[in-house]
Number of protein chains: 2
Amino acid sequence: MNKYPHSTRILVALDCIVFGFDGEDLKLLLVKRNFEPEQGKWSLMGGFLEQNEDLEVATNRILYDLTGLKDIYFEEIKTFGKVDRDPVERTLSICFFALINIHAHNQDSAKAQNAYWIDLKNRPNLIFDHNKMVDLALQELQYKAALHPIGFELLPEKFTIPQLQKLYEAIYDSPLDRRNFSRKILSTNLLIDTGEKNQNSTTKKAILYQLDKEKYQSQFKAFHYFISDSMR
Amino acid sequence: MNKYPHSTRILVALDCIVFGFDGEDLKLLLVKRNFEPEQGKWSLMGGFLEQNEDLEVATNRILYDLTGLKDIYFEEIKTFGKVDRDPVERTLSICFFALINIHAHNQDSAKAQNAYWIDLKNRPNLIFDHNKMVDLALQELQYKAALHPIGFELLPEKFTIPQLQKLYEAIYDSPLDRRNFSRKILSTNLLIDTGEKNQNSTTKKAILYQLDKEKYQSQFKAFHYFISDSMR
DNA sequence: GCAAAAGTGTTGCTATTACACCCATGC
DNA sequence: GCATGGGTGTAATAGCAACACTTTTGC
């Protein structure tokens with residue numbers, strides 16, 4: 001240990017932007033801090049990287065503590081490294097976003113962390129540089145979701161095309177044509193008709209689909225153009 | 001300083017994949033290590049993040065030391081954080097790639113670092129997890145260059161469309177149709193005809209273009225589809 | 001004049017848009 | 001039966017792939 005001379009060791013945090021979707025709006029899982037510094041203010045969920053912990057392990061640990069979920073989809077965004085970004089001590093923040101099915105996560109885990117789902121559009125001011133992190137995370141989500149089928153991570157196992165459309169409309173904050181959207185999604189062949197229909201509807205019941213996980217895996221890196229350039 | 005209790009400070013390195021293009025092949029600027037550990041072996045250029053140094057500043061410092069260039073295009077890829085990735089001491093590596101005009105950089109700077117341009121296709125085995133870093137960097141370059149006009153960063157100020165095509169063919173290691181490529185590039189309106197022609201040619205002299213930097217900036221985030229999905 | 005490289009043109013196809021119409025459900 | 005939301009259809013257009021031909025240059 002500590003054999004490289006003359007170089008400083010630095011505190012390394014992980015900060016996580018957790019996105020969820022309640023059927024209408026995009027939500028963020030935010031923490032009302034009951035600890036110093038900035039007690040009482042809102043922040044992202046985070047934690048410190050431990051000496052004997054792989055980075056991926058730490059990420060999964062933080063997400064599990066917050067949501068009670070394992071195998072969450074997450075993606076590293078950027079490392080924030082201004083010297084003075086944390087007033088207490090110089091701290092790097094490795095920042096990533098995660099997508100979860102808002103109904104699958106464990107409410108108790110969230111409560112234990114003093115975390116709440118907040119509407120993305122009405123989000124409060126966050127501590128430190130966390131506002132910038134959220135802005136960047138939303139940009140990355142919009143970027144990735146236009147090309148790759150990551151949106152499904154935010155939905156329950158079975159979902160309808162109109163639900164999927166509402167999700168995309170929330171992500172891009174703009175309306176999409178119902179008919180063209182449906183055709184585009186179905187043409188990817190990523191969806192399997194379950195034969196069931198959404199019973200929670202007062203009008204025509206929409207078909208419930210589920211993701212073809214094999215195709216999802218194999219086609220993940222292909223470009224799908226879910227959203228045209230002009231919409232983004 | 002050091003006010004957060006109970007958390008370990010960690011050594012943070014930056015490792016840089018520098019891409020260049022000599023007109024025929026993609027090149028990597030690699031360092032033949034004249035220091036321990038792994039002296040005599042090949043590695044990426046890197047350095048440590050200092051206590052009072054912003055992350056971006058450190059990145060620019062390392063790139064400047066290596067190439068003698070400022071304002072280099074670079075992009076963060078990922079932070080490598082396996083506990084045992086460096087045998088000497090646990091070290092995080094914030095990994096990024098940079099694109100430079102191979103003829104503009106300062107040979108003396110590179111020599112001072114014991115760095116050489118190596119053909120990407122014939123690259124030697126690298127130390128630690130640096131092979132993985134290069135693989136990932138190439139993937140990211142391919143991904144980004146298919147959608148955004150970053151390829152120009154690898155070319156001199158004035159260049160011809162056939163040169164640009166050779167660059168894209170090197171990046172994707174696959175041939176492109178001359179006529180369709182030309183049309184696609186010109187349709188972006190990113191190129192300005194300088195009126196000059198490439199004199200280093202024994203046959204028909206190609207038109208020298210330069211980048212319209214204003215359009216480059218403003219359209220950078222738009223999708224351009226330089227390369228079709230099937231080619232990637 | 002000929003070989004080699006660069007510039008421009010055409011055509012058929014595919015994908016995307018911007019629309020309209022019909023069906024199922026609950027009241 | 002009617003309002004609401006969901007599923008399917010179509011015609012015009014734009015963009016793309018796969019081609020051939022012509023021009024410039026050095027020898």
Side-chain angles (χ1 to χ4, degrees), chain A residues 23-24 146-147 149 155-156 158-170 172 174-210 219 222-232, chain B residues 23-24 146-147 149 155-156 158-170 172 174-210 219 222-232:
Chain A
E24 289 295 328
L147 296 167
L155 292 174
K158 295 175 183 176
F159 54 86
T160 69
I161 289 184
Q163 282 169 0
L164 187 63
Q165 185 179 337
K166 280 197 172 172
L167 168 61
Y168 276 89
E169 290 178 331
Y172 297 98
S174 52
L176 299 170
D177 184 272
R178 202 163 50 84
R179 297 152 287 196
N180 294 334
F181 181 80
S182 168
R183 196 159 348 107
K184 189 172 269 184
I185 294 293
L186 289 174
S187 74
T188 64
N189 284 322
L190 287 169
L191 300 194
I192 301 169
D193 187 335
T194 62
E196 299 168 63
K197 299 204 168 182
N198 180 18
Q199 295 304 325
N200 320 334
S201 168
T202 168
T203 63
K204 184 167 182 178
K205 286 150 174 51
I207 298 168
L208 282 163
Y209 290 92
Q210 61 184 49
Q219 295 183 22
F223 289 163
H224 277 288
Y225 309 133
F226 291 108
I227 302 293
S228 77
D229 200 11
S230 59
M231 277 284 107
R232 290 174 53 248
Chain B
E24 288 296 328
L147 296 168
L155 293 174
K158 295 175 183 177
F159 53 87
T160 69
I161 290 185
Q163 280 169 1
L164 186 62
Q165 183 179 342
K166 278 197 174 174
L167 169 60
Y168 276 89
E169 290 178 330
Y172 298 98
S174 52
L176 297 171
D177 184 90
R178 201 165 49 83
R179 299 152 286 194
N180 294 334
F181 182 80
S182 169
R183 195 155 354 101
K184 188 172 270 184
I185 294 293
L186 289 174
S187 73
T188 63
N189 284 322
L190 286 168
L191 299 194
I192 301 170
D193 187 336
T194 63
E196 299 169 64
K197 300 204 166 183
N198 180 18
Q199 296 304 325
N200 319 333
S201 170
T202 168
T203 63
K204 184 168 181 177
K205 286 153 176 45
I207 298 167
L208 281 164
Y209 290 92
Q210 62 185 48
Q219 295 182 23
F223 288 164
H224 278 288
Y225 310 134
F226 290 109
I227 302 293
S228 76
D229 199 12
S230 60
M231 275 287 108
R232 288 174 55 247

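Residue numbering restarts at 1 for every chain, and letters A, B, ... go by the order of the sequence lines.
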Item checked: Rounded distance (Å) that lies between atom P of dT25(D) and atom CD1 of Ile207(B) -> 11 Å
Note to self: For dG26(C) and Lys204(A) - does any side-chain N or O of the residue sit under 4.0 Å from the phosphate oxygens OP1/OP2?
What the structure shows: no
Note to self: Tell me the interatomic distance from Asn200(B), atom CG, to dA5(C), atom P, rounded to whole angstroms.
What the structure shows: 15 Å
Checklist line | Atom-to-atom span, CD of Gln199(A) to C1' of dG26(C) - whole angstrom | finding: 13 Å
Notebook entry, point to check: Does the Tyr172(B) side chain pair with the main chain of Ala146(B), one donor and one acceptor, at a distance under 3.5 Å?
Noted result: yes
Margin query: Treating Ser182(A) as the side-chain partner and Arg179(A) as the backbone partner, does any N or O pair qualify as donor plus acceptor under 3.5 Å?
Written below: no
Note to self: Check this one for me: any side-chain N or O of Ser228(B) less than 4.0 Å away from OP1 or OP2 of dA17(D)?
What the structure shows: yes
Note to self: Tell me the interatomic distance from Asp229(A), atom CG, to dA14(D), atom P, rounded to whole angstroms.
What the structure shows: 17 Å
Note to self: Counting the benzene-type ring for Trp, do Tyr225(A) and Tyr225(B) have ring centres under 6.0 Å apart?
What the structure shows: yes
Item checked: Interatomic distance, Phe223(B) CZ vs dG15(D) P [rounded to whole Å] -> 17 Å
Checklist line | Lys205(B) side chain near dG26(D) phosphate (N/O to OP1/OP2, under 4.0 Å) | finding: yes
Notebook entry, point to check: Can you check the Ile161(A) CD1 to dT8(D) C1' distance for me, whole Å?
Noted result: 12 Å
Next item on the list: Name the residue closer to the 5' end of DNA chain D, choosing between Thr202(B) and Thr160(A) according to the nucleotide with the nearest heavy atom.
Entry: Thr160(A)
Next item on the list: Look at the side chain of Glu169(A) and the backbone N and O of Leu176(A), then say whether any donor-acceptor pair between them is shorter than 3.5 Å.
Entry: yes
Item checked: Positive for side-chain contact (heavy atoms from CB on, under 4.5 Å) with Tyr209(A), one of Leu155(A), Thr194(A), Ile185(A), Ile161(A) -> Ile161(A)
Check: What parts of residues 174-191 of chain B reach DNA chain C, counting only heavy atoms under 4.0 Å away?
Finding: Arg178(B), Arg179(B), Arg183(B)
Next item on the list: May I have the distance from Leu208(B) (atom CG) to dA5(C) (atom C1'), rounded to whole angstrom?
Entry: 15 Å
Next item on the list: Would you mind reading off the distance between Phe226(A) atom CZ and dA15(C) atom C1', rounded to a whole angstrom?
Entry: 15 Å
Checklist line | Expected output: side-chain Lys184(A) to main-chain Asn180(A) donor-acceptor under 3.5 Å | finding: no
Margin query: Donor-acceptor pair, distance only, cut-off 3.5 Å: does the side chain of Asp229(B) make one with the backbone of Phe223(A)?
Written below: yes
